[in-house]
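Structure first, then comments.
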Amino acid sequence: MTAQTGVLLRLDQAEVCIGSTRFGPFSFDVLAGERIAILGPSGAGKSSLLKVISGEYATANGNLSLGGMPVESLRPAALSRVLAVLPQSYQNTFAMPVELVIGLGRLGRVAGGDSNQIIRQSATLARAEHLLHRTTAGLSGGELARVHLARVFAQLWDVSGGLLLVDEPLTALDPGLALELFDRLSSFTRLRGHTLIAVLHDVQLALQEFDRLILIRQGQLYADCPSSVDAIPILERLFEVRFRKHHADDLLFICATATQGHS
Ligand SMILES: Nc1ncnc2c1ncn2[C@@H]1O[C@H](COP(=O)(O)OP(=O)(O)OP(=O)(O)O)[C@@H](O)[C@H]1O
């Protein structure tokens, strides 16, 4: 399933402290081209782990390397050609032209060239083309989510072997659009051999579309396992629920039924 081989990202005893809260230590490798879902209860530290991986949270202890280089040694322009981040929420305080927001994905590139065309193609792929002449003022949550998806598409459009980090990318979208945009995100990463790491609440999507699950509880790594039916008992313990399983059209469907204490 992976487009390339080799370790892209390595966390070695990486630990961060935010106020009095300690996250980690986290130690795991991510192979180039892998598709990893990070799951865990609310407040477990999933977004924080993503921020450790992106370098937004500086590690208090341990090391983080990307392509064999310590992340802190990479210059921002070089990093922006490899690493794109779609956060859980976006600042929308000021009205900014949508085209400019998408174009922020091209900041690390030499100006000119085919950037304008890439911005337009990215907007089309994210179903945001009709928003190009608007500003962010007044955009709905789902429209803003599409604009930012277009921004990360623009950032990693013309490179291969990059790393895309996304935090609950589908929450503001209706089910049809969520399905369509996940498919587009998926093909975008596969075509270019990008690695995808996604924080998700959707266990079904994680089992269906991802290679590997990184499970977090109370700021610690709870489990790191292949995304398969064998992960279901681990997920049940993590979320303290029972999952009912249904098979249809060669697919496994799961549905949370009862908390483990009330079954
Ligand atoms: N910058 C910060 N300042 C203070 N507390 C923080 C900060 N970032 C995270 N936390 C706390 O750390 C814990 C984990 O937060 P995080 O956002 O990583 O959880 P999460 O698993 O992504 O949650 P959710 O599924 O609800 O989005 C929470 O209790 C949160 O309040």
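All ligand and atom numbering here is 1-based and tracks the order in the structure. Since the structure is predicted, the reported quantities are computational estimates derived from the model, not experimental observations.
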(request) Using the ring-ring contact (aromatic ring centres under 6.0 Å, His included) rule, collect all pairs that involve residues 215-249, keeping only residues at least two apart or in two chains. (result) none
(request) Locate the shortest heavy-atom distance separating V85 from V152; write the atom from each residue and the value. (result) O-CG1, 3.5 Å
(request) Please list, chain by chain and in numerical order, all residues satisfying ring-ring contact (aromatic ring centres under 6.0 Å, His included) with F26, sequence neighbours excluded. (result) none
(request) Answer yes or no: is there a side-chain heavy-atom contact under 4.5 Å between L213 and L235? (result) yes
(message) Filter on ring-ring contact (aromatic ring centres under 6.0 Å, His included), then keep only pairs touching residues 164-184, sequence neighbours left out; what's left?
(response) F182-F210
(request) Could you check if a side-chain atom of P97 sits within less than 4.5 angstrom of a side-chain atom of R134, using non-hydrogen atoms only? (result) no
Between ligand 1 and the protein, find all N/O pairs closer than 3.5 Å and give the distance for each.
{"residue": "ligand 1", "atom": "1 (N)", "partner": "Y57", "partner atom": "OH", "Å": "3.4"}
{"residue": "ligand 1", "atom": "8 (N)", "partner": "Y57", "partner atom": "OH", "Å": "3.2"}
{"residue": "ligand 1", "atom": "18 (O)", "partner": "S48", "partner atom": "N", "Å": "2.9"}
{"residue": "ligand 1", "atom": "18 (O)", "partner": "S48", "partner atom": "OG", "Å": "2.6"}
{"residue": "ligand 1", "atom": "19 (O)", "partner": "G45", "partner atom": "N", "Å": "3.3"}
{"residue": "ligand 1", "atom": "21 (O)", "partner": "A44", "partner atom": "N", "Å": "3.1"}
{"residue": "ligand 1", "atom": "21 (O)", "partner": "G45", "partner atom": "N", "Å": "2.9"}
{"residue": "ligand 1", "atom": "21 (O)", "partner": "K46", "partner atom": "N", "Å": "3.0"}
{"residue": "ligand 1", "atom": "21 (O)", "partner": "K46", "partner atom": "NZ", "Å": "2.7"}
{"residue": "ligand 1", "atom": "22 (O)", "partner": "S47", "partner atom": "N", "Å": "2.9"}
{"residue": "ligand 1", "atom": "22 (O)", "partner": "S47", "partner atom": "OG", "Å": "2.9"}
{"residue": "ligand 1", "atom": "23 (O)", "partner": "G43", "partner atom": "N", "Å": "2.8"}
{"residue": "ligand 1", "atom": "25 (O)", "partner": "K46", "partner atom": "NZ", "Å": "2.7"}
{"residue": "ligand 1", "atom": "25 (O)", "partner": "H201", "partner atom": "NE2", "Å": "3.0"}
{"residue": "ligand 1", "atom": "26 (O)", "partner": "G43", "partner atom": "N", "Å": "3.3"}
{"residue": "ligand 1", "atom": "27 (O)", "partner": "Q88", "partner atom": "NE2", "Å": "3.2"}

